[in-house]
Number of protein chains: 2
Amino acid sequence: MKLTTKGRYAVTAMMDLALHQSEHEHVSLKSIANHQEISVAYLEQIFSKLKAGGLVNGIRGPNGGYRLSRSAESISIFEIIDAVDEPIDITRCHGKKDCQDGEVCLTHELWTDLSNQISSFLDQLKLGDIVRSERVRKVAARQSMRCTEAQQTQHVSFN
Amino acid sequence: MKLTTKGRYAVTAMMDLALHQSEHEHVSLKSIANHQEISVAYLEQIFSKLKAGGLVNGIRGPNGGYRLSRSAESISIFEIIDAVDEPIDITRCHGKKDCQDGEVCLTHELWTDLSNQISSFLDQLKLGDIVRSERVRKVAARQSMRCTEAQQTQHVSFN
DNA sequence: TAATAACCAAGTAAAATAGTCGGAAATAAC
DNA sequence: GTTATTTCCGACTATTTTACTTGGTTATTA
């Protein structure tokens with residue numbers, strides 16, 4: 001599992017979605033783009049993968065947008081990153097156990113252990129946990145205020 | 001902290017060093033290159049950083065090579081990777097807490113938590129732990145056999 | 001029928017990665 | 001003291017990956 005800015009954008013966008021889908025039937029990429037300072041085009045690319053991964057549902061047309069396909073409590077951060085980032089071969093052997101002479105390499109288990117450690121951490125952590133956290137709510141509130149003042153969009157704005 | 005093949009090569013090379021420095025006063029990059037199928041030139045680059053990080057000592061000239069500067073038990077995997085790989089900005093905000101409007105971003109803590117998790121795992125893990133492990137000893141023994149058969153080098157060969 | 005928004009494929013510029021190349025300096029063996 | 005060995009050092013380069021943009025098409029609502 002790789003970790004790039006794309007994956008981070010994906011998590012942030014999913015949080016935005018989780019925080020807003022109670023207010024609107026669907027959350028548009030345009031609104032997320034405003035909040036998170038990412039281009040709509042790039043978000044499209046990200047959401048195409050999130051959709052392929054079964055994490056969101058999209059609806060076209062005016063007032064269209066996205067919703068989480070399941071509850072935020074059941075979606076793990078791992079799933080989100082896994083959906084958008086290419087898997088990384090942390091083991092150098094591409095998961096195969098025959099990296100050297102048809103046998104495992106010296107550090108094979110080290111890398112798989114680390115990889116499992118990371119995956120496990122991110123898999124236990126659910127989108128809902130983060131959205132629910134006090135600090136996030138505070139940031140969201142601040143962002144909401146700032147955006148409402150600044151740029152009269154039709155929705156409540158976050159960042 | 002980033003994790004690239006360079007970092008993995010570094011760990012593998014350090015293991016090779018730990019496994020061999022009892023047999024020879026100094027372990028040459030040439031021998032490690034043979035074992036690990038990396039070019040000497042690339043290993044030089046890696047060891048220049050390991051040396052700068054204070055993890056190894058180098059001696060020039062015939063029968064020269066490298067030794068661990070400390071016991072394998074006191075060198076953590078984190079130190080090795082940290083010495084050769086550029087640090088990664090897992091947080092997108094480059095450690096600063098003002099990524100958005102002079103305030104923290106929504107997912108700031110998520111990324112720092114993850115980063116700490118990974119660092120902590122790799123810092124607790126010492127080179128000595130891995131070298132001592134049963135499985136590594138087995139692989140080393142196999143590699144030793146294979147190399148001795150195949151390519152009569154002056155040293156006991158590992159892979 | 002006009003506007004909105006998802007959907008899709010392809011292209012591109014910049015950065016990072018994974019190396020190579022060509023030499024110089026130190027040291028040991030002969 | 002010459003030769004071989006090995007570290008040491010800086011720069012260069014090819015490839016891959018990343019982070020996007022561009023230019024459309026299709027569905028849906030007003």
Side-chain angles (χ1 to χ4, degrees), chain A residues 1-10 12-13 17 20-21 24-34 36-53 55-67 69 81 84-90 92 94 153-155, chain B residues 1-10 12-13 17 24-34 36-53 55-67 69 81 84-90 92 94 153-155:
Chain A
M1 203 219 58
K2 203 174 279 188
L3 193 48
T4 65
T5 67
K6 191 184 234 169
R8 274 171 261 154
Y9 279 143
T12 311
L17 204 51
H20 285 85
Q21 63 176 9
H24 306 276
E25 194 58 29
H26 294 280
V27 181
S28 72
L29 294 189
K30 196 178 168 188
S31 74
I32 299 179
N34 281 337
Q36 305 303 333
E37 290 162 19
I38 320 169
S39 76
V40 171
Y42 197 27
L43 278 173
E44 277 174 3
Q45 218 183 83
I46 291 169
F47 273 79
S48 125
K49 294 195 172 188
L50 291 173
K51 195 188 176 189
L55 298 177
V56 297
N57 295 323
I59 292 287
R60 297 189 190 188
N63 298 324
Y66 288 92
R67 299 208 114 236
S69 67
I81 295 173
V84 299
D85 277 336
E86 302 305 315
I88 196 173
D89 314 313
I90 201 172
R92 182 192 171 190
H94 313 269
T153 44
Q154 91 259 20
H155 53 266
Chain B
M1 203 219 58
K2 202 172 278 186
L3 193 49
T4 64
T5 66
K6 191 183 234 170
R8 274 171 262 152
Y9 279 145
T12 311
L17 204 51
H24 306 274
E25 195 58 29
H26 295 280
V27 180
S28 72
L29 294 187
K30 196 178 168 187
S31 73
I32 298 179
N34 281 336
Q36 306 302 335
E37 289 161 20
I38 319 169
S39 76
V40 171
Y42 199 27
L43 278 174
E44 279 174 1
Q45 216 183 87
I46 291 168
F47 273 80
S48 124
K49 294 194 174 189
L50 291 173
K51 197 189 174 188
L55 298 176
V56 298
N57 296 322
I59 292 285
R60 298 187 188 187
N63 298 322
Y66 288 91
R67 300 210 113 233
S69 67
I81 295 173
V84 299
D85 276 337
E86 301 307 315
I88 196 173
D89 313 314
I90 202 172
R92 181 192 170 192
H94 313 270
T153 43
Q154 90 260 20
H155 53 266

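A, B, ... follow the sequence lines: proteins, then strands. Residue 1 opens every chain.
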Using whole Å, report how far CZ of R8(B) lies from P of dT17(C).
-> 11 Å
Whole-Å distance, K49(A) NZ to dC8(C) C1', equals 13 Å
Phosphate oxygens OP1/OP2 of dT18(D): is one of them under 4.0 Å from a side-chain N or O of Y9(A)?
-> no
Y66(A) side chain: which of dC7(C), dG19(C), dC8(D) is closest?
-> dC7(C)
May I have the distance from K30(B) (atom NZ) to dT6(D) (atom P), rounded to whole angstrom?
-> 6 Å
Want to settle it: does S39(B) or A41(A) sit nearer the 5' end of DNA chain C, counting the closest nucleotide to each?
-> A41(A)
Assess whether one donor atom and one acceptor atom, taken from the side chain of Q45(A) and the base of dT21(D), lie less than 3.5 Å apart.
-> yes
Which nucleotide in the list dG22(C), dA6(C), dT6(D) gets nearest to the side chain of E44(A)?
-> dA6(C)
Let me know the distance between NE2 of H26(B) and C1' of dA26(C), rounded to the nearest Å.
-> 13 Å
Among dC20(D), dT21(D), dC8(D), find the nucleotide with the atom closest to the side chain of K51(B).
-> dC8(D)
Is S28(A) near enough to dT4(C) that one of its side-chain N or O atoms lies under 4.0 angstrom from OP1 or OP2?
-> no
Could you give the NE2-to-P distance, from H24(A) to dA5(C), as a whole number of Å?
-> 12 Å
Classify the angle between the aromatic ring planes of Y42(A) and Y9(A) as parallel (below 30°), tilted (30 to 60°) or perpendicular (above 60°).
-> perpendicular
Quick one: is dC20(D) close enough that its OP1 or OP2 comes under 4.0 Å of any side-chain N or O from K6(A)?
-> no
Can you name the closest pair of heavy atoms from V84(A) and G7(A) and give their distance?
-> CG2-CA, 3.6 Å
Sequence neighbours excluded, which residues qualify as side chain to side chain donor-acceptor pair (under 3.5 Å) partners of K49(A)?
-> E86(A)
Residue closer to the 5' end of DNA chain D, R60(A) versus V40(A) (nearest nucleotide) = V40(A)
Consider the side chain of P62(B), meaning its heavy atoms from C-beta on, and name the nucleotide among dA6(C), dC20(D), dT5(D) that approaches it most closely.
-> dT5(D)
Measure the distance from CG on N63(B) to C1' on dA29(C) and round it to the nearest whole Å.
-> 9 Å
Nearest-angstrom distance from the residue atom CG of D85(B) to C1' of dA18(C) = 11 Å
Using atom CD1 of I38(A) as one end and atom P of dT21(D) as the other, report the distance to the nearest whole Å.
-> 11 Å
Scanning both residues in full, the closest heavy-atom pair of L17(A) with R67(A) reads CD2-C, 4.1 Å
Side-chain N,O (T5(B)) to OP1/OP2 (dA18(C)) below 4.0 Å = yes
Which residues pass the side chain to side chain donor-acceptor pair (under 3.5 Å) test with K6(A), sequence neighbours left out?
-> Q45(A)
Would you mind classifying the nucleic acid contact of T4(A) as base, sugar-phosphate or nothing, using non-hydrogen atoms under 4.0 angstrom?
-> sugar-phosphate
